[in-house]
There are 2 protein chains.
Amino acid sequence: MTRPLDPDLFAACDDARPMIRIGDKWTTKLVVCLRDGPRRFNELLRPLRGITPKVLTESLRAMERDGLVVRTAYAENPPRVEYALTPFGRTLLEPLAAICTWTAQHQSTLNEVRAAS
Amino acid sequence: MTRPLDPDLFAACDDARPMIRIGDKWTTKLVVCLRDGPRRFNELLRPLRGITPKVLTESLRAMERDGLVVRTAYAENPPRVEYALTPFGRTLLEPLAAICTWTAQHQSTLNEVRAAS
DNA sequence: GTAGCCAGTTTCGTTGAAGTAACCGGCACC
DNA sequence: GGTGCCGGTTACTTCAACGAAACTGGCTAC
């Protein structure tokens with residue numbers, strides 16, 4: 001047999017949360033959307049098909065709290081608000097790219113398997 | 001400004017689901033647990049601190065449906081059941097390793113930020 | 001003066017993952 | 001014959017994420 005599993009394998013993780021909070025429906029997609037630079041609220045609404053403004057606000061606020069995103073409001077007219085990845089948020093891009101690649105390669109497989117069952 | 005966001009950026013994704021279903025609380029951890037070879041039910045219970053047998057069963061069944069995991073029952077005494085990653089499941093290891101590395105490097109940062117707010 | 005954009009907020013309801021606790025049959029061990 | 005392990009199952013509850021729909025206030029453009 002293989003070595004026994006370390007009982008403390010996940011000791012460093014917050015038990016109450018996923019290993020990393022990239023699994024909720026929107027965070028991953030938002031990071032991808034902000035990859036190329038700052039984006040405005042309504043600009044983000046469109047590609048995230050079906051997200052409601054309420055949920056987008058909540059997601060962005062959560063990412064702001066985690067230091068992944070900065071919100072910048074300009075006192076212009078019409079008002080302009082921009083969201084951008086922080087340097088910390090940018091560190092997520094590389095590992096997420098690996099996930100995106102995997103998804104691109106295997107999503108169809110997954111969909112087939114699910115449809116078949 | 002940067003190029004406009006492609007409105008169909010996520011057209012290939014199932015709108016009703018996260019980009020990839022690795023974000024629920026346990027799937028990522030389970031893949032890591034199965035990295036080194038097949039594991040038994042009770043062996044998985046321990047490092048996943050606090051998971052209940054019910055939730056472990058549900059998670060494993062979901063991963064089985066998705067073709068990530070195989071369940072093998074041996075007609076022995078005491079009964080033995082082993083869970084192992086399929087070749088398809090193994091393809092997840094590489095991108096997940098990137099996420100694990102990120103988590104290891106930045107979890108403390110994240111915890112500090114969260115504690116401060 | 002009415003219509004619309006911008007960046008949201010508010011209220012209410014739904015859904016599904018997760019948790020709690022108890023229970024199961026078969027066997028081994030003492 | 002009582003206890004405990006093994007791999008679960010069942011019933012019930014809780015909670016956060018998600019969603020639909022309407023609304024806001026300040027401004028501009030027609």
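By convention in this document, chain letters (A, B, ...) are assigned in the order of the sequence lines, proteins followed by strands, and residues within each chain are numbered from 1. The shown structure was predicted, so the numbers you read here are calculated from the model rather than taken from an experiment.
- Atom CG of A/Leu45 and atom P of C/dC6 are 11 Å apart (whole Å).
- One interatomic measurement links the two molecules: CD of B/Glu82 to P of D/dG7, which rounds to 9 Å at whole-angstrom precision.
- Whole-Å rounding puts the B/Glu43 CD to D/dC6 C1' distance at 13 Å.
- No side-chain heavy atom of B/Glu82 sits less than 4.5 Å from a side-chain heavy atom of B/Arg71.
- The CG atom of A/Leu92 sits 8.5 Å away from atom CG of A/Leu85, with the distance rounded to the nearest 0.5 Å.
- Contact check, B/Arg80 against D/dG7: no side-chain N or O comes under 4.0 Å of OP1 or OP2.
- Between A/Leu48 atom CG and D/dA17 atom C1' there is a gap of 16 Å when expressed in whole angstrom units.
- Geometric assessment of A/Arg39 against the ring of A/Tyr83 yields a negative cation-pi assignment under the 6.0 Å and 45° thresholds.
- A donor-acceptor pair under 3.5 Å is absent between the side-chain atoms of A/Trp26 and the main chain of A/Val55, judged by distance alone.
- Comparing B/Phe41 and A/Asn77 by the nucleotide of DNA chain D whose heavy atom lies nearest to each, the residue mapping closer to the 5' end is B/Phe41.
- Taken from OG in B/Ser59 to CG in B/Leu68, the straight-line distance is 12.0 Å, to the nearest 0.5 Å.
- Rounding to whole angstrom units, CD of residue B/Glu58 and P of C/dA18 are separated by 8 Å.
- For the pair B/Leu56 CG and C/dT20 P, the interatomic distance rounds to 15 Å; values are reported in whole Å.
- Between A/Arg61 and the phosphate of C/dT9, there is a side-chain N or O to OP1/OP2 separation shorter than 4.0 Å.
- Ranked by how close their nearest DNA chain C nucleotide is to the 5' end, A/Lys54 and B/Val55 are led by A/Lys54.
- Distance B/Asn42 CG to D/dT9 P: 13 Å, rounded to the nearest Å.
- Nearest-nucleotide mapping onto DNA chain D: of B/Pro79 and A/Thr52, the residue sitting toward the 5' end is B/Pro79.
- Here the P atom of nucleotide C/dA7 and the CD1 atom of A/Ile51 are 15 Å apart, to the nearest Å.
- In this structure, B/Tyr83 reaches the sugar-phosphate backbone alone: every heavy-atom distance under 4.0 Å involves primed, P, OP1 or OP2 atoms, never a base.
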